[in-house]
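Bear in mind that the values here come from a model prediction, so they are computed numbers and not experimental data. Quick note on labels: first sequence line is chain A, next is B, and so on, each numbered from 1.
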Number of protein chains: 2
Amino acid sequence: MPGINEVAQLAGVSTATVSRALSGNGHVSEATRERVHAAALELGYVVSSHASALATGRMKNVGVVIPFLNRWFYGAVLEGAESALLSHGYDLTLYNLSGGGDERASVFEHFLLRKRVDAVIAIALELTEAEVGRLHDLGKPIVGVGGTMEGVPTLSIDDIGVARLATEHLLALGHTVIAHIGGNKDSEMDFHVPSKRRVGYEEALVAADITPDPELFEAADFTLQGGYAAAKQLLGNPRKRPTAVFAASDEMAIGTILAARDLGLNVPGDVSVIGVDDHELSDFFGLSTVAQFPALQGRMAVDMLMDQLKPGHREISATNTALPFELIVRSSTARQV
Amino acid sequence: MPGINEVAQLAGVSTATVSRALSGNGHVSEATRERVHAAALELGYVVSSHASALATGRMKNVGVVIPFLNRWFYGAVLEGAESALLSHGYDLTLYNLSGGGDERASVFEHFLLRKRVDAVIAIALELTEAEVGRLHDLGKPIVGVGGTMEGVPTLSIDDIGVARLATEHLLALGHTVIAHIGGNKDSEMDFHVPSKRRVGYEEALVAADITPDPELFEAADFTLQGGYAAAKQLLGNPRKRPTAVFAASDEMAIGTILAARDLGLNVPGDVSVIGVDDHELSDFFGLSTVAQFPALQGRMAVDMLMDQLKPGHREISATNTALPFELIVRSSTARQV
DNA sequence: GTGAAAGCGCTAACAC
DNA sequence: GTGTTAGCGCTTTCAC
């Protein structure tokens with residue numbers, strides 16, 4: 001493993017010059033620059049990141065904390081963040097907090113704080129004040145995605161607005177008996193997403209002079225299976241069958257479409273279905289949905305972080321930035337006749 | 001940010017003792033151990049990983065290279081690897097190679113080699129000899145998952161055996177006209193998985209004295225949509241409709257089930273369907289499958305790596321270890337009457 | 001434009 | 001069991 005010394009020797013310059021030539025910091029004549037690069041290439045030299053990190057205090061590495069890895073949405077956010085980070089020359093150190101609570105404590109105590117990362121992106125995870133404080137004490141910027149956090153710049157979607165938009169679409173089509181499949185206690189994640197979506201749903205109904213009916217609400221766990229079971233309950237009710245269903249996630253909406261089929265109901269003839277996400281399968285199922293753009297979310301988080309990591313921008317404006325969303329109408333929703 | 005010096009001062013010992021007490025290497029009296037820990041806690045001290053990495057040469061960090069993030073299978077492998085790594089006190093630095101070819105070169109040149117990682121786990125990615133050589137020159141162990149690689153210990157499933165098992169299940173149920181949905185050129189990933197599965201399928205047929213019929217093969221891209229389209233072709237053929245379909249992935253198998261429904265065919269009454277993976281949705285669809293256990297694969301890869309990272313075990317036995325798989329019979333396969 | 005040298009914060013011999 | 005000290009491999013003033 002060649003070190004900077006070997007390169008310096010081969011190029012006939014000092015290690016300082018090698019450092020300058022390779023990092024681009026400081027002035028080096030074009031001629032020596034080339035000589036150094038050639039020498040480095042010949043020796044297959046690569047800087048030792050710890051040595052340079054030790055000398056500069058910068059790691060070029062950001063920690064990403066995320067609650068799930070094998071769910072489409074989170075995978076997509078992660079993918080967006082990873083490629084953005086890579087293009088900025090940063091590594092991404094992954095911390096998956098799907099396990100229990102002590103795993104979380106351990107990640108914070110033993111990993112994030114070891115100054116191995118320059119900054120942290122928290123996805124769909126609400127950090128405690130203590131966690132935020134600890135990180136900030138160490139001078140590490142944080143960006144949150146998926147909800148707001150005191151003292152932390154965040155990126156989050158207007159979940160109430162998303163739900164209202166979906167519900168309004170159904171209302172505009174003439175539906176009045178609109179059911180909602182939302183979250184249960186377990187899926188009431190860190191930012192109360194399920195609750196907010198239910199609020200948006202109810203707001204839209206009220207705005208249309210319809211009183212929300214608790215019987216038209218079913219809780220599920222945001223999975224296809226859960227949506228299927230919930231939809232069976234809703235659509236199987238002979239007394240009060242909804243003509244439309246707004247599911248808080250596309251996976252649950254797809255479960256709803258499948259349940260409708262199994263009950264002999266036609267979508268959208270007998271029942272309209274709309275979800276949230278624009279899941280990779282939504283197009284296949286012709287599901288109308290309110291798209292959020294997870295990969296974009298990951299990329300935006302990285303951009304925000306890069307701003308904060310720039311030497312100048314020291315004052316963090318700990319505000320929330322709204323994430324875009326968009327109604328996509330496919331064939332699962334139709335006018336109520 | 002307190003350093004080891006402050007802790008040493010507060011505890012009234014030398015920095016060496018602090019290091020020993022905190023890392024557990026070397027002997028320290030119980031009394032001072034406690035004093036040091038108390039001091040560290042009071043100051044909120046955490047070791048600087050770069051400083052210790054520079055001093056020891058160990059980073060406690062492994063790089064994971066993976067081709068996809070938002071596909072269930074890969075997410076699950078990653079999840080298994082992440083939690084195993086965490087429990088060994090290692091960080092996981094993620095490199096997603098879903099992008100183009102230059103992204104791959106860049107990851108190797110600029111990231112993996114910066115000695116930020118102690119080792120590399122390559123998932124479903126066949127490293128070139130040059131890549132392996134470069135890594136080994138730097139003294140970094142590698143473990144491969146999903147296929148074999150010259151000079152690298154690997155973990156991989158017997159794809160031919162998997163396919164044979166699935167096909168034999170169908171044969172044993174009395175099916176003789178068995179179609180196969182395999183991969184297309186694009187999905188012919190690094191280890192020729194689709195080709196191997198097709199070979200296994202054909203071997204099983206031949207062993208049962210059935211001549212593989214090219215007309216009963218359709219290529220798809222391993223997605224649900226792709227499987228659906230392929231199945232439509234196969235099951236829509238009025239002249240030679242198969243009574244069973246073996247899909248090379250569960251997602252394609254689920255697509256097949258959906259296609260059968262849309263064609264008015266009953267599964268398993270009219271057509272039996274079997275896949276590979278044991279995808280999270282397979283149980284819901286009653287899909288018979290040959291399970292592979294992605295999270296376990298991730299964990300096993302980490303275990304192999306830890307063995308190699310142990311001081312003693314310097315000689316790498318670059319052999320392949322077979323991964324377990326298992327037939328799971330659900331309701332999508334039945335006796336051909 | 002380039003070199004010399006002083007660290008960055010820790011660990012690991014080596015003494016005691 | 002504990003302290004002293006010499007690096008680990010870079011970056012970055014400060015001279016020249």
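Comment: A:Asp137 does not engage A:Arg134 in a salt bridge, judged by the lack of any side-chain N to carboxylate O separation of less than 4.0 angstrom.
A donor-acceptor pair shorter than 3.5 Å cannot be found between the side chains of B:Asn70 and A:Tyr74. Between the side chains of B:Asn320 and B:Thr148, no donor-acceptor pair is found at a separation under 3.5 Å.
When rounded to the nearest whole Å, the span between NZ of A:Lys60 and P of D:dT11 equals 12 Å. One interatomic measurement links the two molecules: NE2 of A:His50 to C1' of C:dC10, which rounds to 12 Å at whole-angstrom precision. The interatomic distance linking B:Asn5 (CG) with C:dG9 (C1') rounds to 8 Å, in whole Å. Computed from coordinates, the A:Arg35 CZ to C:dG3 P distance equals 9 Å when rounded to whole Å. Rounded to a whole Å, the CG atom of A:Leu54 is 4 Å from the C1' atom of C:dC8. Atom CG in A:Leu22 sits roughly 13 Å away from atom P in D:dT12 (whole-Å rounding). Between the CG atom of B:Asn25 and the P atom of C:dA13 there is a distance of 10 Å, given to the nearest Å. Taking atom CD on B:Gln9 and atom P on D:dG3, their separation rounds to 13 Å, with Å as the unit.
When each of D:dC8, D:dT5, C:dT2 is scored by its nearest atom to the side-chain atoms of A:Thr32, the top-ranked nucleotide is C:dT2. In the set D:dT5, C:dC8, C:dT2, C:dT2 carries the atom at the smallest distance from any side-chain atom of A:Ser29. Closest approach to the A:Arg20 side chain among C:dG9, D:dT5, D:dT12 is made by D:dT12 (side chain taken as heavy atoms from C-beta onward). Distances from the side chain of B:Ala51 to the nucleotides D:dT11, D:dT5, C:dG9 place C:dG9 closest. Out of D:dC8, C:dT11, D:dT4, the shortest distance to the side chain of B:Thr56 is found at C:dT11.
An OP1 or OP2 oxygen of C:dA12 is reached within less than 4.0 angstrom by a side-chain nitrogen or oxygen of B:Arg58. OP1 or OP2 of C:dT2 has not a single side-chain nitrogen or oxygen of A:Thr17 nearer than 4.0 Å. Put simply, A:Ser52 has no side-chain N or O that comes within less than 4.0 Å of OP1 or OP2 on D:dC10. For D:dT12, neither phosphate oxygen OP1 nor OP2 lies less than 4.0 angstrom from any side-chain nitrogen or oxygen of A:Ser19.
Heavy-atom minimum distance, B:His50 versus B:Ser48: ND1-OG, 2.9 Å.
Nucleic acid contact class of B:Ser48 (heavy atoms, under 4.0 Å, all strands): sugar-phosphate only. Within the 4.0 angstrom heavy-atom criterion, only backbone atoms of the sugar-phosphate kind lie near A:Val13; the bases stay farther away. Residue B:Ser23 is out of contact with every strand shown, counting any heavy-atom pair closer than 4.0 Å.
Panel note: side chain B:Lys140, backbone B:Val117; a donor-acceptor pair is recorded below 3.5 Å.
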